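Just so we're clear, the structure is a prediction, and the values are computed from it rather than from any experiment.
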Amino acid sequence: MKKFNDEDFLLQSETARRLYHDHAAKMPIIDYHCHLDPRYIAEDHRFRSLTEVWLDGDHYKWRAMRTNGVAERYCTGDASDWERFEKWAETVPYTMRNPLYHWTHLELKTAFGVEELLSPATARDIYDRCNELLARPEYSARGLMRRYNVEVVCTTDDPVDSLEYHRICREAAFGCRVLPAWRPDKAMAVENPAAFRAYVDRLAEVSGVEIRSFATLIDALRVRHRFFEEAGCRLSDHGIEEFYAEDYTPQQVEAAFAKVYGGAELTDGERRLYKSAMLVEMAVMDWETGWTQQYHFGVIRNNNSRKMASIGPDTGFDSIGDFTLAKNMARFLDRLDAQGKLAKTILYNLNPRDNEMVATMIGNFQDGETAGKIQFGSGWWFLDQKDGMERQMNALSLLGLLSRFVGMLTDSRSFLSYPRHEYFRRTLCNLIGADVEAGLLPASEMEFLGRMVEDISYNNAKRYFGF
């Protein structure tokens with residue numbers, strides 16, 4: 001019987017163990033998509049407790065706690081740090097077979113050297129020991145990034161952001177590059193006319209462009225796009241329910257903008273037309289600057305209206321959506337490709353039923369010049385666990401080139417989430433190792449397979465993004 005969470009965790013063959021320990025484990029981390037607050041890095045934030053660094057902002061944990069019967073005050077409410085941690089410790093044993101059980105113990109072990117299982121019986125001791133470590137300078141925000149050998153981090157930033165904290169990080173030169181990533185979702189969000197107008201007015205203020213039309217909106221976004229590029233940005237990211245690829249004329253788009261900016265609700269057809277135009281305009285900006293564009297799609301957000309009203313978005317009330325995606329995705333990519341303006345692209349699906357569709361879609365638009373130009377992104381959100389990652393890599397292996405995959409990211413708000421890269425690498429090595437052990441891949445090619453693991457873990461991303 002194998003020991004839980006030992007040095008060979010998830011590695012179920014000798015070949016897997018060789019691939020991980022000799023190749024994957026030594027590679028630095030490029031975390032090219034996350035939701036860390038750059039202010040914490042700029043100020044080298046010191047965490048007051050394990051609760052702050054581990055539970056604040058973590059809607060994965062909150063969902064599990066609610067499901068376990070824990071009241072909201074211990075999730076997002078006014079309970080003390082110890083009370084919140086105690087409720088999490090009570091929940092952890094009930095998360096067995098949920099990825100949270102693996103992540104929890106991997107994070108405790110790699111960050112703090114804690115090898116005991118977290119439970120009500122061990123909670124106080126673990127909490128106190130970790131808090132003692134967090135009081136040390138090497139457990140600051142930057143210290144944790146150094147501990148995990150993080151080389152590059154790309155945060156998620158709105159076009160109106162000042163990027164002042166990225167400048168501070170750049171000037172500090174502390175061993176990790178902290179770069180912005182362009183996230184213009186609010187410029188697409190025409191569902192609420194009042195909120196949209198407020199955002200457009202703020203964009204006009206920071207860009208210095210008077211916005212009174214769709215054309216001037218794009219002008220303002222271009223100004224901010226150049227500002228992001230000067231700050232080192234190399235990626236955009238778009239959170240969309242689905243792809244939009246309606247036919248439209250400039251006059252139709254201008255009419256839709258004027259209507260929503262004037263405070264009127266758009267029809268569904270007008271919304272889709274507007275979003276189709278916005279996706280194209282922003283994709284062309286990325287192509288012009290050589291950025292990589294990322295699309296996260298397939299989520300239904302804020303399903304619980306009562307909780308949305310009381311505690312707001314991004315608190316754990318989102319789910320996998322069920323959209324018809326393929327035709328519009330193909331039309332959108334083809335529209336750009338036909339103009340010769342299709343940038344490097346990463347597609348992340350949230351519904352696992354779409355794995356094979358995305359894995360075949362990317363093959364339609366490879367250009368024969370950039371290796372893996374169109375990428376099937378790693379398992380995202382509800383899929384960034386062992387089964388989800390295996391299914392994504394199996395689909396990519398069967399229908400594309402796993403060897404050209406740019407690998408894992410944390411997509412996290414926590415400085416303790418870097419072990420997700422380790423979790424991914426262990427899963428990758430176990431997948432390949434099993435094929436070697438079964439005679440499905442040649443054992444004589446271990447040198448190539450080791451290099452392939454290193455590439456997927458780090459080298460492919462470094463080359464692809466130009467870091």
Asks: With no hydrogens and no angle check, just 3.5 Å: does a side-chain donor-acceptor pair link H59 and D314?
Replies: no
Asks: Decide whether a cation-pi geometry holds between K87 and Y74; the criteria are a distance under 6.0 Å from NZ or CZ to the six-membered ring centre and an angle within 45° of the ring axis.
Replies: yes
Asks: Can R84 be said to sit on top of W62's aromatic six-ring, NZ or CZ under 6.0 Å from centre and within 45° of the ring axis?
Replies: no
Asks: Please determine which of V178, L163, D44, T155 meets the side chain to side chain contact (heavy atoms under 4.5 Å, CB included) test together with C169.
Replies: V178
Asks: What residue among F112, W88, F85 forms ring pair (Phe, Tyr, Trp, His ring centres under 6.0 Å) with Y127?
Replies: F85
Asks: Are the charged groups of K3 and D6 less than 4.0 angstrom apart, N to O?
Replies: no
Asks: When V114 is tested against each of D125, T122, I126 for side chain to side chain contact (heavy atoms under 4.5 Å, CB included), which residue passes?
Replies: I126
Asks: Flag the pair Y348 / Y295 as yes when their ring centroid distance falls below 6.0 Å, and as no otherwise.
Replies: no
Asks: Does the ring centre of W291 sit less than 6.0 Å away from the ring centre of H225?
Replies: yes
Asks: State whether D158 and R183 are salt-bridged, where the test is any N-O pair (Lys NZ or Arg NE/NH1/NH2 against Asp/Glu carboxylate O) under 4.0 Å.
Replies: no
Asks: I need the R426 CZ to L431 CG distance, nearest 0.5 Å.
Replies: 15.5 Å
Asks: Should the pair K386 and Y423 be classed as cation-pi, given the thresholds of under 6.0 Å to the six-membered ring centre and 45° from the axis?
Replies: no
Asks: So, are D384 and R420 salt-bridged, with charged N and O less than 4.0 Å apart?
Replies: yes
Asks: Could you tell me if S49 and N131 have a donor-acceptor pair between their side chains, going purely by distance under 3.5 Å?
Replies: no
Asks: Please name the pair of heavy atoms, one in F227 and one in D161, separated by the smallest distance, quoted to 0.1 Å.
Replies: CE2-O, 3.9 Å
Asks: If you measure from CZ on F448 to CG on L441, what distance do you get to the nearest 0.5 Å?
Replies: 10.0 Å
Asks: Could you check, using the six-membered ring where one of them is a Trp, whether Y148 and H421 have ring centers closer than 6.0 angstrom?
Replies: no
Asks: Of the options R301, K186, K275, which is the one that meets E191 in a salt bridge (Lys or Arg N to Asp or Glu O under 4.0 Å)?
Replies: K275
Asks: Do the charged groups of R463 and D455 touch, with an N to O distance under 4.0 Å?
Replies: yes
Asks: Considering non-hydrogen atoms only, spot the tightest contact between I41 and R142 and give its length.
Replies: O-NE, 2.8 Å
Asks: Any chance the rings of F297 and F243 have centres within less than 6.0 Å?
Replies: yes
Asks: Applying salt bridge (Lys or Arg N to Asp or Glu O under 4.0 Å), run through E230 and R226 and close with a yes or a no.
Replies: CA-CA 6 Å; E230 291 166 0; R226 287 193 294 271; over 6 Å; no
Asks: Assess, by modelled atom type and distance only, whether the side chains of S236 and Q293 contain a donor and an acceptor separated by less than 3.5 Å.
Replies: no
Asks: Check L179 against A231 and note the closest heavy-atom contact, atom names and distance.
Replies: CD2-O, 4.3 Å
Asks: Can you tell me how far the NE2 atom of H21 sits from the CG atom of L11, to the nearest 0.5 Å?
Replies: 5.5 Å
Asks: Tell me the closest heavy-atom pair linking S403 and N460, and the distance in Å.
Replies: O-ND2, 2.9 Å
Asks: Testing F424, F9, Y60 one by one against W103 for a ring pair (Phe, Tyr, Trp, His ring centres under 6.0 Å), which residue passes?
Replies: Y60
Asks: If every non-hydrogen atom of T345 is compared with every non-hydrogen atom of L342, which pair is closest and at what distance?
Replies: OG1-CD1, 3.8 Å
Asks: Assign the ring pair W182 / F228 to parallel, tilted or perpendicular, where the plane angle (0 to 90°) is split at 30° and 60°.
Replies: perpendicular
